[in-house]
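Comments concern the structure below.
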Amino acid sequence: MTIDQLPEVAQASQLADSSYEIALAVEIDSPDMLAIASDELRGIATRRKQIEELRLSLTRPLDESKKRIMDLFRAPTERLEQAETLLRNGVLTYQQAERAKAEALRREQEAAAAAARAENERIQREAEEAQRAARAAAIASASASERAAAEAAATEAAARAAEARERIEVSDIAPLAPVAEAPKAEGVSTRQTWKAEVTDINALIDAAAKPGNEHLRAFLVADTKALGQAAKAMRAQARIPGVRIYAEESLSVRRTA
């Protein structure tokens, strides 16, 4: 016997078909027909309950069996999830620490390179100043020997300045030592998921209200649950700027005894 051949299914179909046939035949155009339709609505509420009981008579044993099976597998599944969490946290912690080390090393290299450049620039400036002073002394020298000594000092200072300038040029084009990347494991990859957190809702509201920032208004979501509660509490007296308070009508039907 297939599921659609079960007597519970046949009984449910009979209950539904009878109500459907009556609904097709009823035309509400008088108080008497309104009373008939109301009686049938109450009967439908009762038959819906009957159909639900028929369904539960078939599904309740299945639900109970499923629950027992789920309970049996819950403990090993939770233990497996705990093991996964431990390993995931361990891998992420290690990789984050390695990335932090690499970043610190990169900053150290950049700081050392900047310090070396500053030192070479200082040497170049002092050498150029010494060169200018030596040439001025050579021009002002009274004797040939003094002039020669000043020229020699100027030449030496020029050499020091050129050497410092060369070191600066080399450092500008020389790449920093490669920094090792965080180690990777086969079959495991790290993925970054960027998120956002509102830290000052007033600042966000003020920014969204300014002309030209209309795109920020998409980040302001109305609390429809709170608005609905206000509408239920205050009804037509509710006055909320930018919000329409309205009522929807529906029928409430009691089951027949």
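The shown structure was predicted, so the numbers you read here are calculated from the model rather than taken from an experiment. Side chains are part of it too, since the values below use all heavy atoms of this structure and drop only hydrogens, waters and symmetry mates.
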**Q.** Residues Glu119 and Arg122 bridged, charged N to O under 4.0 Å
**A.**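 Answer for the salt bridge query: yes.
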
Q. When you check the gap from the basic side-chain N to the acidic O, do Arg99 and Glu103 get nearer than 4.0 Å?
A.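 A salt bridge is absent here (no side-chain N lies under 4.0 Å from a carboxylate O).
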
Which pair of non-hydrogen atoms, one from [X] and one from [Y], has the smallest distance, and what is that distance?
X: Ala161; Y: Ala127; result: N-CB, 3.5 Å
X: Val26; Y: Ala37; result: CG1-CB, 4.2 Å
X: Ile3; Y: Val9; result: O-CG2, 3.4 Å

Sequence neighbours excluded, which residues qualify as side chain to side chain donor-acceptor pair (under 3.5 Å) partners of [X]?
X: Glu52; result: Arg55
X: Arg88; result: Glu84
X: Ser19; result: Glu40, Arg47

Q) Step by step, would you call Ile245 with Met234 a side chain to side chain contact (heavy atoms under 4.5 Å, CB included)? A) CA-CA 10 Å; Ile245 304 298; Met234 294 182 286; over 6 Å; no

Q | Main-chain N/O of Thr2 paired to Gln5 side chain as donor or acceptor, under 3.5 Å | A |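 Flag set: sc Gln5 to bb Thr2 pair under 3.5 Å.
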
Q) So, does Asn213 use its side chain to make a donor-acceptor pair with the main chain of Leu216 at under 3.5 Å? A)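 Such a contact is absent between Asn213 side chain and Leu216 backbone.
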
Q: Evaluate the side chain to side chain contact (heavy atoms under 4.5 Å, CB included) criterion for residues Val253 and Ile44: first the C-alpha distance (whole Å), next the side-chain angles of each, then the deciding distance (0.1 Å), finally the verdict.
A: CA-CA 9 Å; Val253 181; Ile44 287 175; over 6 Å; no

Q. Can you tell me if CD on Glu27 sees more than 12 non-hydrogen neighbours from other groups inside 6.0 Å?
A.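 No, the 6.0 Å shell around CD holds no more than 12 heavy atoms from other groups.
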
Q: For Arg167, look at atom CZ and say whether over 12 heavy atoms of other residues, nucleotides or ligands are found less than 6.0 Å away.
A: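 Check passes, neighbour count above 12.
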
Q) With Glu129, which residues qualify under salt bridge (charged side-chain N to carboxylate O under 4.0 Å, His left out), at least two apart? A)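 Once residues adjacent in sequence are excluded, Glu129 has no partner under the salt bridge (charged side-chain N to carboxylate O under 4.0 Å, His left out) criterion.
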
**Q.** pair Leu56-Thr59: side-chain heavy atoms closer than 4.5 Å
**A.**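 Answer yes - side chains close enough.
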
Q.
Enumerate the side chain to side chain donor-acceptor pair (under 3.5 Å) contacts for residues 217-240, please, sequence neighbours excluded, ordered by first and then second residue.
A.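 Residue pairs with at least one partner in residues 217-240: there are none.
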
Q) Which residue pairs pass the side chain to side chain donor-acceptor pair (under 3.5 Å) test when at least one of the two sits in residues 62-75, sequence neighbours left out? A)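 Only Ser65-Arg68, Lys67-Asp71, Asp71-Arg74 qualify under side chain to side chain donor-acceptor pair (under 3.5 Å).
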
Q) Just one of Gln124, Gln131, Arg125 clears the side chain to side chain donor-acceptor pair (under 3.5 Å) bar with Glu128, so which one? A)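 It is Gln124; the other options fail the test.
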
